[in-house]
Amino acid sequence: FNKKRGIWLYGNYILNRGAHFIAPQEFADGKTWEDYEVEEESIGQFTGVVDDCGTDIYEGDIVAYGESAFNYEIVYDAPFFCIRECGSGDLRIIDEPADVHVVGKSYNMGQ
């Protein structure tokens with residue numbers, strides 16, 4: 001998440017001199033490095049799957065799963081992306097991504 005612009009950035013991760021950056025495709029578009037700096041806690045890996053509405057699912061996303069009344073966080077536990085009930089330590093492998101619906105991000109944007 002880029003606080004300066006107030007948006008999520010998607011692209012390649014760069015760690016440079018202790019600062020975290022995302023370099024999107026339009027990287028050489030006349031913007032400064034400040035335009036691409038992100039909060040370390042907001043960096044998440046794409047799982048390679050989408051939810052029931054076609055939304056990309058990232059590590060750290062908060063999702064609804066199946067008929068459960070609970071929300072879950074997407075967690076990477078090599079080599080699987082799993083769900084963990086928010087506030088719990090128990091991991092479950094995602095059986096059917098079509099039963100998952102992204103409802104938010106676990107990162108607090110400070111707003």
Side-chain angles (χ1 to χ4, degrees):
F1 184 78
N2 177 269
K3 284 187 177 181
K4 176 185 177 193
R5 295 167 52 195
I7 60 171
W8 290 95
L9 297 176
Y10 300 90
N12 297 309
Y13 171 67
I14 299 169
L15 175 61
N16 185 17
R17 298 180 186 182
H20 305 271
F21 302 90
I22 296 294
Q25 296 295 351
E26 74 277 3
F27 182 69
D29 196 19
K31 293 183 173 68
T32 67
W33 276 102
E34 190 176 73
D35 289 304
Y36 298 106
E37 188 170 0
V38 294
E39 300 298 311
E40 178 181 10
E41 301 81 21
S42 73
I43 299 168
Q45 176 69 38
F46 178 52
T47 63
V49 296
V50 297
D51 74 0
D52 58 348
C53 294
T55 302
D56 292 345
I57 301 174
Y58 286 83
E59 179 181 18
D61 280 353
I62 303 299
V63 299
Y65 180 66
E67 299 296 320
S68 175
F70 300 105
N71 283 336
Y72 296 87
E73 180 181 7
I74 299 294
V75 177
Y76 182 67
D77 187 31
F80 303 104
F81 279 95
C82 304
I83 58 172
R84 174 176 51 213
E85 185 178 323
C86 292
S88 170
D90 300 329
L91 294 177
R92 291 178 29 194
I93 295 172
I94 300 171
D95 297 322
E96 182 55 55
D99 290 341
V100 175
H101 180 75
V102 175
V103 295
K105 304 280 185 188
S106 63
Y107 174 71
N108 179 352
M109 294 179 281
Q111 297 174 345

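Start at 1 with the first residue, then count along the sequence. No experiment lies behind these values; they were computed from the predicted model shown.
Expressed to the nearest 0.5 Å, how far CG of Leu9 lies from CZ of Phe1 amounts to 9.0 Å. If you take CD1 on Ile43 and CD on Glu59, they are separated by 10.5 Å, rounding to the nearest 0.5 Å. Taking CG from Leu91 and CZ from Phe81, the interatomic distance works out to 12.5 Å, rounded to the nearest 0.5 Å. Atoms CZ and OH, on Arg5 and Tyr36 in that order, are 6.0 Å from each other to the nearest 0.5 Å. The distance from the SG atom of Cys82 to the CD atom of Glu73 is 11.5 Å, given to the nearest 0.5 Å. Once rounded to the nearest 0.5 Å, the distance linking CZ of Arg92 with CG of Asp77 reads 14.5 Å.
Residues Glu37 and His20 have side chains not in contact (no heavy-atom distance under 4.5 Å, counting atoms from C-beta outward). A heavy-atom distance below 4.5 Å is not found between the side chains of Asp52 and Asp99. Counting heavy atoms from C-beta outward, Phe80 and Ile93 have side chains that approach closer than 4.5 Å. Using a 4.5 Å cut-off on side-chain heavy atoms (C-beta onward), Ile57 and Val102 make contact.
In the hydrophobic cluster analysis, where Ile, Leu, Val, Met, Phe, Trp and Tyr join through side-chain heavy atoms closer than 4.5 angstrom, Tyr76 is grouped together with Val100. In the hydrophobic cluster analysis, where Ile, Leu, Val, Met, Phe, Trp and Tyr join through side-chain heavy atoms closer than 4.5 angstrom, Val49 is grouped together with Ile74.
The closest donor-acceptor contact from the side chain of Asp51 to the backbone of Gly54 lies under 3.5 Å. The backbone N or O of Ile7 sits nowhere less than 3.5 Å from a side-chain atom of Asn2 that would complete a donor-acceptor pair.
When all heavy atoms of Gly18 and Leu15 are compared, the pair lying nearest together is C-CD1, 4.0 Å. Across all non-hydrogen atoms, the minimal contact from Tyr10 to Pro24 is O-CB, 3.4 Å.
Every residue two or more places apart in sequence or in another chain that forms a ring-ring contact (aromatic ring centres under 6.0 Å, His included) with Phe46 is listed here: Tyr58. Legend: residues meeting side-chain contact (heavy atoms from CB on, under 4.5 Å) with Phe70, ordered by chain and number and at least two apart, are Ser68, Tyr72, Glu85.
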(request) List the steps, then state whether salt bridge (Lys or Arg N to Asp or Glu O under 4.0 Å) holds for Asp61 with Lys105. (result) CA-CA 5 Å; Asp61 280 353; Lys105 304 280 185 188; 3.0 Å; yes
Step-by-step side-chain contact (heavy atoms from CB on, under 4.5 Å) determination, Tyr13 to Ile22: CA-CA 5 Å; Tyr13 171 67; Ile22 296 294; 4.3 Å; yes
